[in-house]
Amino acid sequence: MRSVRAGRDVAFVAVNDGSCLASLQVVAEEGMEGFDQACRLGTGSAVEVHGLLRPSPAAGQAMELAAERLVTIGGADESYPLQKKRHSFEYLRTIAHLRPRTNNFGAVFRLRSSLAQAVHRFFSERGFLYVQTPIITANDCEGAGELFRVTTLDPASPPLADGSVDFSADFFARPTGLTVSGQLEGELFAQAFTDIYTFGPTFRAENSNTARHAAEFWMIEPEMAFADLMEDARLAEEFFRYLCSHVLSECAEDMAFFDAQIEKGLLERVRRVAETPFAVMEYTEAIAHLEKATVPFQYPVSWGLDLQSEHERYITEQVVGGPVFIVNYPKDIKAFYMRQNDDGRTVAAMDLLVPKVGEIIGGSQREERLDLLTARMTGAGIDPASLWWYLESRRWGSTPHAGFGLGFERLIMYLSGMENIRDVIPFPRTPRHAEF
RNA sequence: UCCCCAAUAGCUCAGUCGGUAGAGCGGGUGGCUGUUAACCACCAUGUCCCUGGUUCGAGUCCGGGUUGGGGAGCCA
């Protein structure tokens, strides 16, 4: 029950079951069973109503429920923290157990659910295999990011060997943590099933305090065998635009809410992305644009340095004015598994940059040549023996292959206009916050 | 982790020059013949984040802390 507007002889009760943004108007009239009860209902209570669904004589709703009997299933008194008014997101985060009952979070989590199903539908329609990669991993070199430790050892007095913790006595008999990416395992499955994707939780123990980072988030990672970088980019574009079209047609009511309440112009922005092909720009070309820029940058620009947030925003917002793939980055600033280009100094990496957000997809063609991969791994300080199974995928039937990662929460932020990652995940985990 | 900002009623906030605290919403009571986060009238609300200092006197000024927010780095 969202609100009651009670008069002497008639009361209007707005009831919402979460299925959509709009509430059902229940009309209770003097004399019916439970009328006094209906007038006194507190916001947040749960009710059962019997009555006749009929066209509404008043503007504001097409149908209404003329109540014959109203029963309070679960009452809510005046201490209920949600009021019939707008609350700040900061306050609602402190009551994350109740915020899904609000209009705004109802819209967010319906959008999230619908998008998750659209992700599966997109890949299913294209014959991709859905693979569940492990959440607990012993890989300590999956890429960037600090690992959360997984252990059953007593933190107060762990077993020691030669002065350091003896992980051979731990549950898995080795150090383990929560995965930061399912990519490496995904590549193995691509070698068997050609086209695969993962969609699951990932974890980063980084002390990141921003509106765009969470310690636990969901990531979508497709991987295609017999594919190069540009095929990878094509898939990313098709995928991203598919999801834009999806929310416009399937979540129209909630999208209209976001457009009205969260970000003016959201619908137009998403519509444009759904309809317009994405630009592609070489990293080298992007550097040239930045060097010509008249606006001052805080961080230096030169070939070989990574692009900072301010640079990415400039390229996508000022130079291109829409989504753009930046491709072929210097190899020294990218991960060991990315395929080396023939120029000897770049790798087949791509980032999709979008206005407002910056980088939203990161991907690459993977290095399929065993000797080059081993050399880069060693150069990155990673013991090839620790990833022997990954290297073996390059020993037998190695194929060119490529994939990318999309942060699910960032996608939701982009499509809803919500500006804080903590407000698009049901129960956010960030540094010092694991309540609920 | 670094930089900046903020913290006052249940919520959102105002509080002038340092002189002992206010509004709207929400809540309560009453009214209202169909309302749309209804409307009208009345009523009640406070550890001014904590701590130390300056001062005759601190919500207000200063130091330390806590919490929250924004930005950066890292990235998705």
Side-chain angles (χ1 to χ4, degrees), chain A residues 1-14 16 22-30 39-40 42-44 56-61 64 66 76-95 102-104 142-146 179-183 200-221 236 261 297-299 306-310 312-313 333-335 351-354 357-363 404-414 419-425 430-433:
Chain A
M1 204 291 289
R2 292 290 175 81
S3 78
V4 177
R5 296 178 293 275
R8 197 181 61 190
D9 302 323
V10 64
F12 301 93
V13 185
N16 188 290
S23 294
L24 176 65
Q25 169 157 284
V26 172
V27 184
E29 296 196 69
E30 166 71 64
C39 292
R40 270 196 301 275
T43 296
S56 176
Q61 59 283 314
E64 64 184 18
D77 65 14
E78 66 281 356
S79 63
Y80 182 61
L82 288 170
Q83 301 173 6
K84 307 187 282 189
K85 65 169 220 169
R86 209 187 156 88
H87 292 285
S88 68
F89 290 126
E90 291 82 1
Y91 172 64
L92 291 170
R93 274 171 220 147
T94 69
I95 51 168
T102 65
N103 285 340
N104 201 141
E142 279 182 340
E146 292 285 313
T179 184
V180 299
S181 165
Q183 181 197 313
T202 48
F203 308 87
R204 305 278 165 91
E206 300 279 355
N207 188 16
S208 293
N209 295 287
T210 83
R212 295 194 161 66
H213 292 83
E216 176 182 295
F217 63 99
W218 284 59
M219 192 151 62
I220 299 146
E221 295 179 289
Q261 302 293 326
F297 291 121
Q298 191 188 338
Y299 287 87
D306 208 354
L307 301 180
Q308 302 295 316
S309 290
E310 58 178 351
E312 295 180 340
R313 298 277 303 259
I333 59 172
K334 288 294 184 182
D351 284 350
L352 177 63
L353 311 182
V354 293
V357 171
E359 181 184 339
I360 196 163
I361 284 177
F404 64 82
L406 168 66
F408 190 47
E409 283 73 21
R410 289 191 180 173
L411 172 74
I412 299 167
M413 291 168 71
Y414 185 77
E419 291 189 331
N420 197 307
I421 196 167
R422 290 173 274 238
D423 298 327
V424 298
I425 189 164
T430 54
R432 303 185 308 285
H433 295 280

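Reminder, nothing fancy here: chain letters follow the sequence lines and each chain counts from 1.
Put simply, NE2 on A:H433 is 6 Å from P on B:rG69, counting in whole angstrom units. Rounded to an integer number of Å, the gap from A:D306 CG to B:rC75 C1' is 10 Å. One can place CD of A:E78 at 9 Å from P of B:rU29, the figure rounded to the nearest angstrom. In this structure, CD1 of A:I333 is placed 10 Å from P of B:rC75, rounded to the nearest angstrom. The distance between atom CG of A:L411 and atom P of B:rC75, rounded to the nearest whole Å, is 21 Å. With rounding to whole Å, A:H87 atom NE2 is found 11 Å from B:rA37 atom C1'. As rounded to whole Å, 17 Å separates atom C1' of B:rG26 from atom CZ of A:R86. A:E310 places its CD atom 17 Å from the C1' atom of B:rG70, with the value rounded to the nearest Å.
Atom C1' of B:rC48 sits at a distance of 16 Å from the matching atom of B:rU67, rounded to the whole Å. When the P atom is compared between B:rU36 and B:rC40, the two are found 11 Å apart, to the nearest whole Å. Taking atom P in both B:rU60 and B:rA14, one finds a spacing of 16 Å when rounded to whole Å. Remark: the separation of the P atoms in B:rG64 and B:rC2 is 15 Å, to the nearest Å. The same atom, P, is picked in B:rC43 and in B:rC25; the two are 15 Å apart, to the nearest Å. The same atom, C1', is picked in B:rA7 and in B:rG15; the two are 15 Å apart, to the nearest Å. Straight-line distance between the C1' atoms of B:rC17 and B:rA44: roughly 33 Å, to the nearest whole Å. Distance noted for atom C1' between B:rA6 and B:rU45: 25 Å (whole Å).
Considering only side-chain atoms of A:Q83, the nucleotide from B:rG10, B:rG70, B:rU36 that sits closest is B:rG10. Across B:rU36, B:rC32, B:rG68, the shortest atom-to-atom separation from the side chain of A:Q25 is found for B:rU36. Of all nucleotides listed (B:rG73, B:rG10, B:rA38), B:rG73 comes nearest to the side chain of A:Q308. With B:rG73, B:rU33, B:rG34 as the choices, the nucleotide that has an atom nearest any side-chain atom of A:T210 turns out to be B:rG73. For A:K85, the listed nucleotide lying nearest its side chain is B:rC11; candidates were B:rC11, B:rA37, B:rG73. Distances from the side chain of A:E29 to the nucleotides B:rC74, B:rU35, B:rG34 place B:rG34 closest. Distance from the side chain of A:R8 is smallest for B:rC32 among the nucleotides B:rU35, B:rC74, B:rC32. Closest to the side chain of A:V10, out of B:rG34, B:rC11, B:rG69, is B:rG34.
Nucleotide B:rC2 is matched to B:rG71 when pairs are restricted to Watson-Crick or G-U wobble geometry with both distances under 3.5 angstrom. Pair assignment for B:rG52: B:rC62, on the basis of Watson-Crick or G-U wobble contacts that are both within less than 3.5 Å. B:rA44 is unpaired under the criterion used here, namely a Watson-Crick or G-U wobble arrangement in which both key atom distances are under 3.5 Å. When both pairing distances are held under 3.5 Å, B:rG18 makes no Watson-Crick or G-U pair with any nucleotide shown.
At a threshold of 4.0 angstrom between heavy atoms, the contacts of A:G362 with the nucleic acid are absent. A:S3 comes within contact range of the sugar-phosphate backbone alone, with a heavy-atom separation under 4.0 Å but no base atom that close. Using a 4.0 Å heavy-atom distance criterion, A:R40 is classed as making no nucleic acid contact. Within the nucleic acid shown, A:A11 has no heavy atom closer than 4.0 Å to any nucleic acid atom. Counting non-hydrogen atoms under 4.0 angstrom, A:N209 reaches a base of the nucleic acid. Among the heavy atoms of the strands, none lies under 4.0 Å from A:T94. In this structure, A:I421 reaches the bases: a heavy-atom distance under 4.0 Å links it to at least one base atom across the strands shown. Here A:E359 lies in heavy-atom contact (under 4.0 Å) with sugar-phosphate atoms only. When heavy atoms are screened at a 4.0 angstrom cut-off, A:R93 is found touching the sugar-phosphate backbone but no base atom. In this structure, A:E64 reaches the bases: a heavy-atom distance under 4.0 Å links it to at least one base atom across the strands shown. Residue contacts for A:Y299: at a heavy-atom cut-off of 4.0 Å it reaches the sugar-phosphate backbone alone, with no base atom in range. Residue A:Y91 is in sugar-phosphate contact alone, with no base atom involved, counting any heavy-atom pair closer than 4.0 Å across all strands shown. Using a 4.0 Å heavy-atom distance criterion, A:A6 is classed as a base contact. A:S79 comes within 4.0 angstrom of no nucleic acid atom, judged by non-hydrogen atoms across all strands.
Taken from CG in A:D423 to CD in A:E90, the straight-line distance is 8.0 Å, to the nearest 0.5 Å. The CE atom of A:M413 sits 11.0 Å away from atom CG of A:L411, with the distance rounded to the nearest 0.5 Å. Considering OG1 of A:T43 and NZ of A:K84, their distance stands at 5.5 Å, rounded to 0.5 Å. If you take CG on A:L82 and OH on A:Y91, they are separated by 6.5 Å, rounding to the nearest 0.5 Å.
Looking only at atom types and distance, the side chain of A:S79 has a donor-acceptor partner in the side chain of A:D77 under 3.5 Å away. A donor-acceptor contact closer than 3.5 angstrom links the side chains of A:N103 and A:R2.
By the 4.5 Å heavy-atom criterion applied to side chains, A:Y414 and A:V354 are counted as neighbours. Side-chain atoms of A:T202 and A:W218, non-hydrogen and from C-beta on, never get closer than 4.5 Å to each other. You'll find the side chain of A:N420 reaches within 4.5 Å of the side chain of A:R93, heavy atoms only.
Side-chain atoms of A:S208 and base atoms of B:rC75 include no donor and acceptor less than 3.5 Å apart.
Remark on RNA chain B: of its neighbouring residues A:P81 and A:T43, the 5'-side contact belongs to A:P81, judged by nearest-heavy-atom nucleotide. Residue whose closest nucleotide on RNA chain B sits further toward the 5' end, between A:D9 and A:S88: A:S88.
Of the side-chain N and O atoms in A:K84, none sit less than 4.0 angstrom from OP1 or OP2 of B:rC11. Residue A:R432 places at least one side-chain N or O closer than 4.0 Å to OP1 or OP2 of B:rG68. Of the side-chain N and O atoms in A:R5, none sit less than 4.0 angstrom from OP1 or OP2 of B:rU35.
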Kindly determine whether A:T430 and A:H433 satisfy side chain to side chain donor-acceptor pair (under 3.5 Å), including the steps that lead there. CA-CA 5 Å; A:T430 54; A:H433 295 280; 4.8 Å; no
